[in-house]
Amino acid sequence: MIYIGVTGWGDHDSLYPGKISSRDKLKEYAGHFPTVEVDSAFYAIQPKRNAEKWVNETPESFQFIVKAYQGMTGHQRGELPFDSIHIMFQAFKESLQPYQEKNKLAMVLFQFPPWFDCKRENVDYLRWCKQEMGDIPCALEFRHQSWFAPSFREKTLEFMKTEKWIHSICDEPQSGEGSIPTVLQPTTQDQVLVRFHGRNVYGWQKRNAENWREVRYLYRYNQQELQEWAVHIEQLKKECKHVYVLFNNNSGGDAPDNAKEMMELLQITYEGLAPKQLDLFHE
């Protein structure tokens, strides 16, 4: 099956007509898409009550992709708010329990920063992370080009297969060593993840600019670009049981529209979504 969605559910104005409170947005979101990325988990390990609320607000078949906490992927600046790395991982795993109990956890996404390059100590850390996560499905996304340099590409893919990492395939600006090429190879037969970050090379590079977060993912895919990817996604579906597709190009609010265009190109109509316009009959 192909699951299409976007990253987060709070900032997509085109999905929420009229006035809708932030606490009701996920219910409305689940009327449009069957999956979502929980990006708030990156900034702080979420309390269980949040996950319990979210799983109870979504249809039975809805799937969450939970982003690994920034302390687990080396993004965290300064000291970690945990006594040890093991305790941090334990806290994160406990936060996943509500998703697991309702069979709504598709995977955890480990997205590593641009300075996490291909070297032995980082390979060892990836192995340790996978061991620590146990049988929880985990996707791996790189941001440093060295992992897919010609001399390492096949070794990286083989390592991911051996360690049972789900491949997070990216479409992103190509701007030097801080970006990776699109490598259309699943590393497990069960799941593969595709994430669309846009192709705004200028915004991607301006990391120290004041408005960096506003322009980094400012990009709208055109019909030809989406059509090319529709062919790729169809091919991935032949190689993999479940293909998850997330649009992250939301600096300008384009992600939901592009996601819906992709659904049309792939001729996908989802059954079992939540009812839309929850307040239709309320004053």
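Aromatic ring pairs are classed by plane angle as parallel below 30°, tilted from 30° to 60° and perpendicular above 60°; the pair F142 and W147 is parallel. In this pair, Y221 and Y219 present their aromatic rings perpendicular. The plane angle is above 60°, beyond the 30 to 60° band. Classification of the H12-Y29 ring pair by plane angle, with boundaries at 30° and 60°, yields tilted. In this pair, F116 and F112 present their aromatic rings parallel. The plane angle is below 30°, not in the 30 to 60° band.
To the nearest 0.5 Å, the span separating CE on M107 from CG on L105 amounts to 8.5 Å. Atoms NZ and NE2, on K119 and H144 in that order, are 9.0 Å from each other to the nearest 0.5 Å. With values rounded to the nearest 0.5 angstrom, M263 atom CE is found 13.0 Å from N258 atom CG. Rounding to the nearest 0.5 angstrom, the gap separating the CG atom in N249 from the CD atom in E172 is 12.5 Å. Atom SG of C240 is separated from atom CD of Q189 by 8.0 Å, given to the nearest 0.5 angstrom. Taking CE from M72 and NE2 from H75, the interatomic distance works out to 12.5 Å, rounded to the nearest 0.5 Å.
The side chain to side chain donor-acceptor pair (under 3.5 Å) contacts involving residues 31-41 comprise H32-K260, E37-R195, where partners must be two or more places apart or lie in separate chains. For the side chain to side chain donor-acceptor pair (under 3.5 Å) condition, the pairs that include at least one residue of residues 87-100, sequence neighbours left out, are K48-Q97.
For the pair P173 and S179, the minimum side-chain heavy-atom distance is 4.5 Å or more. Contact of the E57 side chain with the W54 side chain is registered, since non-hydrogen atoms from C-beta on lie closer than 4.5 Å. The shortest distance between side-chain heavy atoms of T187 and F159 does not fall below 4.5 Å. Side-chain contact between Y125 and I85 is present, with heavy atoms from C-beta onward closer than 4.5 Å. Residues E225 and R199 have side chains in contact (heavy-atom distance under 4.5 Å, counting atoms from C-beta outward). The shortest side-chain heavy-atom distance between C170 and H197 falls under the 4.5 Å cut-off. When side chains are defined from C-beta on, V66 counts as touching L96, because their heavy atoms get closer than 4.5 Å. Taking 4.5 Å as the limit, every side-chain heavy atom of D124 sits out of range of all side-chain heavy atoms of W128.
Closest heavy-atom contact between L265 and A230: CB-CB, 4.2 Å. Nearest heavy-atom pair across G253 and D257 is O-OD2, 4.5 Å. Nearest heavy atom pair, residue K25 against residue Y16, reads O-CE2, 3.4 Å. In terms of heavy atoms, P137 sits closest to I166 at CB-CD1, 3.9 Å. Considering all non-hydrogen atoms of both residues, V55 and P98 come closest at CG1-O, 3.9 Å. Nearest approach of E28 to L15, heavy atoms of both residues: CG-O, 3.8 Å.
When hydrophobic clusters are built by joining Ile, Leu, Val, Met, Phe, Trp and Tyr residues whose side-chain heavy atoms come closer than 4.5 Å, directly or via intermediates, F152 is not grouped with L140. Cluster membership for F196 and V231, using ILVMFWY side-chain heavy atoms within less than 4.5 angstrom, is not shared. Note on L226: it clusters hydrophobically with F33, by side-chain heavy-atom contacts below 4.5 Å among ILVMFWY residues. Placement of I136 and W165 within a single hydrophobic cluster is found when ILVMFWY residues are connected by side-chain heavy-atom separations under 4.5 Å, directly or transitively. Both W229 and L266 belong to a single network of hydrophobic side chains, linked directly or stepwise wherever heavy atoms of I, L, V, M, F, W or Y lie under 4.5 Å apart.
Without hydrogens or angle criteria, Q224 side chain to N222 main chain gives no donor-acceptor distance under 3.5 Å. Of the possible donor and acceptor atoms, one in the side chain of Q174 sits under 3.5 Å from a partner among the backbone N and O of I180. The main-chain N or O of N103 is found under 3.5 Å from a side-chain atom of Q63 such that the two form a donor-acceptor pair. Side-chain atoms of N56 come within 3.5 Å of backbone N or O of E52 as a donor-acceptor pair.
A donor atom on one side chain and an acceptor atom on the other are not found under 3.5 Å apart for Q223 and Q227. Inspection of the Q145 and E177 side chains reveals no N or O donor paired with an N or O acceptor under 3.5 Å. Side-chain contact of D117 with S146: a donor-acceptor pair under 3.5 Å is absent, judged by distance alone.
Judged by the 6.0 Å distance and 45° axis criteria, K104 is not positioned over the aromatic ring of F64.
Heavy-atom contacts from other residues, nucleotides or ligands closer than 6.0 Å to CG of D11 number 12 or fewer. Atom NZ of K155 is surrounded by 12 or fewer heavy atoms from other residues, nucleotides or ligands within 6.0 Å. Other residues, nucleotides and ligands contribute more than 12 heavy atoms inside 6.0 Å of the CD atom of E154.
A salt bridge is absent between E132 and K130; no separation between the charged side-chain nitrogens and carboxylate oxygens falls under 4.0 Å.
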| query | salt bridge (charged side-chain N to carboxylate O under 4.0 Å, His left out) between E141 and R143: does it pass, once the steps are laid out? | reply | CA-CA 7 Å; E141 181 172 322; R143 278 284 165 85; 3.5 Å; yes
| Could you walk me through whether F148 and H167 pass the ring pair (Phe, Tyr, Trp, His ring centres under 6.0 Å) check? | CA-CA 12 Å; F148 292 117; H167 190 187; 5.8 Å; yes
| request: Applying side-chain contact (heavy atoms from CB on, under 4.5 Å), run through V194 and L246 and close with a yes or a no. | output: CA-CA 6 Å; V194 178; L246 293 173; over 6 Å; no
| task | Any chance you could lay out the side-chain contact (heavy atoms from CB on, under 4.5 Å) test for Q131 and E163, step after step, and finish with the verdict? | result | CA-CA 9 Å; Q131 185 177 333; E163 295 293 318; over 6 Å; no
| said: Could you go through K241 and Q191, starting from their C-alpha distance and side-chain angles, then the distance that decides it, and tell me whether this counts as side chain to side chain donor-acceptor pair (under 3.5 Å)? | reply: CA-CA 6 Å; K241 188 176 178 183; Q191 294 171 295; over 6 Å; no
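When each of V183, L236, L193, I233 is paired with I169, the side-chain contact (heavy atoms from CB on, under 4.5 Å) condition holds for L236 and for no other.
In this structure, F92 has its ring center no closer than 6.0 Å to that of Y69.
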